[in-house]
**Student:** 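I have a structure here, written as structure tokens, and I will follow up with some questions on it.
In this chain, residues are counted from 1 in sequence order.
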Amino acid sequence: MTIYLCGFMGCGKTTVGKIIAKKLGLAYLDSDEEIIKKEAMTIPEIFDKMGEPYFRKSEAETIKGFTGHKAVISCGGGAMLNYDTANYVSENNGIIIFIDVPFDVCYERIKGDSNRPLASQSTREQLLERYIIRYPIYMNNSTVRVECDCSPMESAERIISAIKLRRV
């Protein structure tokens, strides 16, 4: 099974994803890291030189390329906003976990992060608006929603429990 973690910037996809992979004995992959390797540029450089639409296209291709891997995959915050990508993943036995974390928690983790172009170039109000717009899309495009306003270890345990319930 391929487990895709989605959610807003700063929800803990990377931190929690690594814990889940270790606990389940699966590989860990990060879509942003794969894009950085493939493009030989940082995400801010990709946004600056190629633009966000180019990044989103590369992101969708990367996510689709992970299909069939027995792995936990941390997706960029915008990856599962694309219905076609989410649908492709679901049709190919992927499970999409929406890591649901309140905006204020995410904001505290991402404010001023120069590696996140959308966060570093936006005000708190703009990020909140983006969060509000994205939330129902994450809900619609995910297999399971897990509330994770807790420690990374507890978040991982909650997600593992949700995955086990889905497999039964």
**Student:** Dump the intermediate steps for side chain to side chain contact (heavy atoms under 4.5 Å, CB included) on F55 and M41, then the final yes or no.
**Tutor:** CA-CA 11 Å; F55 175 80; M41 288 186 269; over 6 Å; no
**Student:** Would M80 end up clustered with I97 when hydrophobic side chains under 4.5 Å apart are linked, directly or stepwise?
**Tutor:** no
**Student:** For a ring pair (Phe, Tyr, Trp, His ring centres under 6.0 Å) check, start with the C-alpha distance between F98 and Y135, then their side-chain angles and the critical distance, and finish with the verdict.
**Tutor:** CA-CA 9 Å; F98 169 28; Y135 192 93; 5.3 Å; yes
**Student:** For the CG atom of L5 and the CD1 atom of I159, what is their distance to the nearest 0.5 Å?
**Tutor:**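 The CD1 atom of I159 is 5.5 Å from CG of L5, to the nearest 0.5 Å.
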**Student:** Does one side chain, of E59 or Y54, offer a donor that lies under 3.5 Å from an acceptor on the other?
**Tutor:** no
**Student:** Using side-chain heavy atoms (C-beta onward) and a distance below 4.5 Å, is I110 in contact with F8?
**Tutor:** yes
**Student:** Does T2 use its side chain to pair, donor to acceptor, with the backbone of H69 at less than 3.5 Å?
**Tutor:**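 Answer holds: yes.
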**Student:** Under the 3.5 angstrom rule, does the side chain of K18 hit a backbone N or O of Y28 as a donor-acceptor pair?
**Tutor:**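 Checked: no pair found.
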**Student:** What verdict does the side chain to side chain contact (heavy atoms under 4.5 Å, CB included) test give for L24 and I160, after you've listed the backbone C-alpha separation in whole Å, the side-chain angles of each residue and the deciding distance to 0.1 Å?
**Tutor:** CA-CA 8 Å; L24 295 179; I160 290 168; 4.1 Å; yes
**Student:** I'd like to know if the side chain of S58 pairs up with that of K38 as donor and acceptor (distance under 3.5 Å, no hydrogens or angles considered).
**Tutor:**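 Per modelled atom types, S58 and K38 side chains form a pair under 3.5 Å.
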**Student:** Can you hop from V101 to V144 via hydrophobic side chains spaced under 4.5 Å?
**Tutor:** yes
**Student:** Would you kindly check if the NZ (Lys) or CZ (Arg) of R145 is within the cone defined by 45 degrees around the ring axis of Y138 and under 6.0 Å from the six-membered ring centre?
**Tutor:**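 Negative - R145 is either too far from the ring of Y138 or too far off its axis.
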**Student:** Would you say I20 ends up clustered with L29 if hydrophobic residues are merged whenever their side chains have heavy atoms under 4.5 Å apart, either directly or through other cluster members?
**Tutor:**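 No.
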**Student:** Where do S74 and G17 come nearest, in terms of heavy atoms and distance?
**Tutor:** OG-CA, 4.3 Å
**Student:** Would you find more than 12 non-hydrogen atoms of other residues, nucleotides or ligands less than 6.0 Å from E45 atom CD?
**Tutor:**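 Yes, the 6.0 Å shell around CD holds more than 12 heavy atoms from other groups.
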**Student:** Would a hydrophobic clustering, with Ile, Leu, Val, Met, Phe, Trp and Tyr connected at side-chain separations under 4.5 Å, put M50 with I36?
**Tutor:**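 In one cluster with M50: I36, yes.
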**Student:** Find the distance between CD (E61) and OG (S31) and round it off to the nearest 0.5 Å.
**Tutor:** 12.5 Å
**Student:** Measure the spacing between NZ of K111 and OG1 of T123 and express it to the nearest 0.5 Å.
**Tutor:** 13.5 Å
**Student:** Ignoring hydrogens, what is the shortest heavy-atom contact between D32 and G76? Give both atom names and the distance.
**Tutor:** OD1-CA, 3.8 Å
**Student:** Indicate yes or no for a side-chain donor-acceptor contact from T143 to the backbone of I95 under 3.5 Å, with no hydrogens or angles considered.
**Tutor:** no
**Student:** Rounded to the nearest 0.5 Å, what's the gap from SG on C75 to CD1 on I3? Could you check?
**Tutor:** 11.5 Å
**Student:** Between V89 and I96, is the side chain to side chain contact (heavy atoms under 4.5 Å, CB included) condition met? List the steps.
**Tutor:** CA-CA 8 Å; V89 165; I96 304 169; 3.8 Å; yes
**Student:** How about NZ on K57, more than 12 heavy atoms from neighbouring residues, nucleotides or ligands closer than 6.0 Å, or not?
**Tutor:**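 No - once you tally the heavy atoms of other residues, nucleotides and ligands closer than 6.0 Å, there are 12 at most.
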**Student:** Should R109 and M9 be marked as a side chain to side chain contact (heavy atoms under 4.5 Å, CB included) after you check the CA-CA gap, both sets of side-chain angles, and the distance that decides it?
**Tutor:** CA-CA 8 Å; R109 294 175 182 170; M9 298 173 274; over 6 Å; no
**Student:** Donor-acceptor pair, distance only, cut-off 3.5 Å: does the side chain of R158 make one with the backbone of V146?
**Tutor:**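 No, the answer is negative, given that no donor and acceptor are paired below the 3.5 Å cut-off.
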**Student:** T67: which residues meet the side chain to side chain contact (heavy atoms under 4.5 Å, CB included) condition with it, sequence neighbours left out?
**Tutor:**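 With neighbours one apart ignored, the set is Y4, Y88, N92.
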**Student:** Do I35 and I46 make a side-chain contact, defined as non-hydrogen atoms from C-beta onward lying under 4.5 Å apart?
**Tutor:**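 When only atoms from C-beta onward are counted, I46 and I35 do touch, with a gap below 4.5 Å.
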**Student:** Using the salt bridge (charged side-chain N to carboxylate O under 4.0 Å, His left out) rule, take D104 and R124 through it: C-alpha gap first, then chi angles, then the decisive distance, then the call.
**Tutor:** CA-CA 10 Å; D104 288 334; R124 184 184 190 288; 2.3 Å; yes
**Student:** CZ/R56 to CZ/F47 distance, rounded to the nearest 0.5 angstrom?
**Tutor:** 4.5 Å
**Student:** Around atom CD of E129, are there more than 12 heavy atoms from other residues, nucleotides or ligands closer than 6.0 Å?
**Tutor:**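 Check fails, neighbour count at 12 or below.
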**Student:** Return yes if some donor-acceptor pair links the side-chain N/O of K23 with the main-chain N/O of E157 below 3.5 Å, else return no.
**Tutor:**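 No, because the side chain of K23 does not come within donor-acceptor range (under 3.5 Å) of the backbone of E157.
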**Student:** What pair of heavy atoms forms the shortest contact from K13 to C11, and how long is it?
**Tutor:** CG-SG, 3.4 Å
**Student:** Under 4.5 Å between side-chain heavy atoms, counting indirect links through other Ile/Leu/Val/Met/Phe/Trp/Tyr residues: same cluster for Y131 and L127 or not?
**Tutor:** yes
**Student:** Heavy atoms, side chains only, cut-off 4.5 Å: are M153 and I19 in contact?
**Tutor:**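 M153 vs I19: side chains touch.
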**Student:** If the condition is side chain to side chain contact (heavy atoms under 4.5 Å, CB included), which residues does N87 pass it with, not counting sequence neighbours?
**Tutor:**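 Applying side chain to side chain contact (heavy atoms under 4.5 Å, CB included) to N87 gives Y83, E91.
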**Student:** With T14, which residues qualify under side chain to side chain donor-acceptor pair (under 3.5 Å), at least two apart?
**Tutor:**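 Checked T14 against side chain to side chain donor-acceptor pair (under 3.5 Å); matches are D30.
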**Student:** Quick one: SG on C6 to CD1 on I73, what's the gap to the nearest 0.5 Å?
**Tutor:**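 Separation between the atoms: 12.5 Å.
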